[in-house]
Amino acid sequence: MAAQILGFVGLLALSNTFMTFAWYGHLRYAHGSPWYVALVASWGLAFFEYAIMVPANRYGFGFLTVTQMKILQEVVTLAVFVPFALLFMDERLRLNHLWAALCLIGAVYFAFKK
């Protein structure tokens, strides 16, 4: 089951990479273009996110509950978003980010606790 979860998480990471750039990537360069250009570009990226996320969820549902899939998706979202925010958006890591990560670890623990 560990290999299945890793495959599911890998698909989630790829999917979330597209979604993170679709939702936030335009903010770095959006100042010179109208909002509707960012909208079209974001929807173009979101297509690839959905093209990966839908099969990932169908795959994961074979061995995970919907709650487990959602909790893992949130963890993966932040695992993708934090490097994006630090490296692409030039934000700084703060202590409250650590506390949020610890809360997510707790959420994973309780979601998978039998």
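None of the values given here were measured: they were computed from a predicted structure. We count residues from 1, following the sequence as given.
Sorted by first and then second residue, the ring pair (Phe, Tyr, Trp, His ring centres under 6.0 Å) pairs with a member in residues 95-114 form an empty list; sequence neighbours excluded. Among pairs with a residue in residues 73-92, those fulfilling salt bridge (charged side-chain N to carboxylate O under 4.0 Å, His left out) read Lys70-Glu74, at least two apart in sequence or across chains. Sequence neighbours left out, the pairs with a member in residues 36-64 that pass side chain to side chain donor-acceptor pair (under 3.5 Å) are Ser15-Glu49. Screening residues 10-31 for salt bridge (charged side-chain N to carboxylate O under 4.0 Å, His left out), with sequence neighbours left out, gives no hits.
Shown here are the side chain to side chain contact (heavy atoms under 4.5 Å, CB included) partners of Ala100, two or more places apart in sequence or in another chain: there are none. Every ring-ring contact (aromatic ring centres under 6.0 Å, His included) that Phe48 has, sequence neighbours left out, goes to Phe18. Tyr24 pairs by the ring-ring contact (aromatic ring centres under 6.0 Å, His included) definition with Phe81, not counting sequence neighbours. Listed by chain and residue number, Val37 satisfy the side chain to side chain contact (heavy atoms under 4.5 Å, CB included) test with Ser33 (two or more places apart in sequence, or in another chain).
Cluster annotation: Leu98 and Leu104 are assigned to distinct hydrophobic clusters (Ile/Leu/Val/Met/Phe/Trp/Tyr, side-chain heavy-atom contacts under 4.5 Å, transitive). Hydrophobic clustering, with ILVMFWY side chains joined whenever heavy atoms are under 4.5 angstrom apart, keeps Val40 apart from Trp35. The hydrophobic cluster containing Val76 does not contain Leu86, counting ILVMFWY residues as joined when their side-chain heavy atoms lie under 4.5 angstrom apart, directly or transitively. No continuous path of hydrophobic side-chain contacts links Val82 to Ile105 [ILVMFWY only; heavy atoms under 4.5 Å]. No path of Ile, Leu, Val, Met, Phe, Trp and Tyr side chains, each step under 4.5 Å between heavy atoms, connects Leu27 with Leu39, placing them in separate hydrophobic clusters.
Note that OG1 of Thr20 is 9.0 Å distant from CG of Leu78, once rounded to the nearest 0.5 Å. Taking CE from Met53 and CG from Leu14, the interatomic distance works out to 10.0 Å, rounded to the nearest 0.5 Å. Remark: Phe84 CZ to Thr77 OG1 distance equals 13.0 Å, nearest 0.5 Å.
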Report task. Would you please test Met1 and Leu64 for side-chain contact (heavy atoms from CB on, under 4.5 Å) and show each step? Result -> CA-CA 10 Å; Met1 179 149 141; Leu64 296 170; 4.3 Å; yes
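No more than 12 heavy atoms of other residues, nucleotides or ligands lie within 6.0 Å of CZ in Phe47, so this atom counts as exposed by the packing criterion. Environment of CZ in Phe61: sparse, with no more than 12 heavy atoms of neighbouring residues, nucleotides or ligands closer than 6.0 Å.
Across every non-hydrogen atom of Ala46 and Ala22, the tightest pair is N-CB, 4.0 Å.
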With a 3.5 Å cut-off and sequence neighbours excluded, list the donor-acceptor pairs that the side chains of residues 2-11 form with protein atoms.
none

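Counting heavy atoms from C-beta on, the side chains of Gln73 and Asn16 come closer than 4.5 Å.
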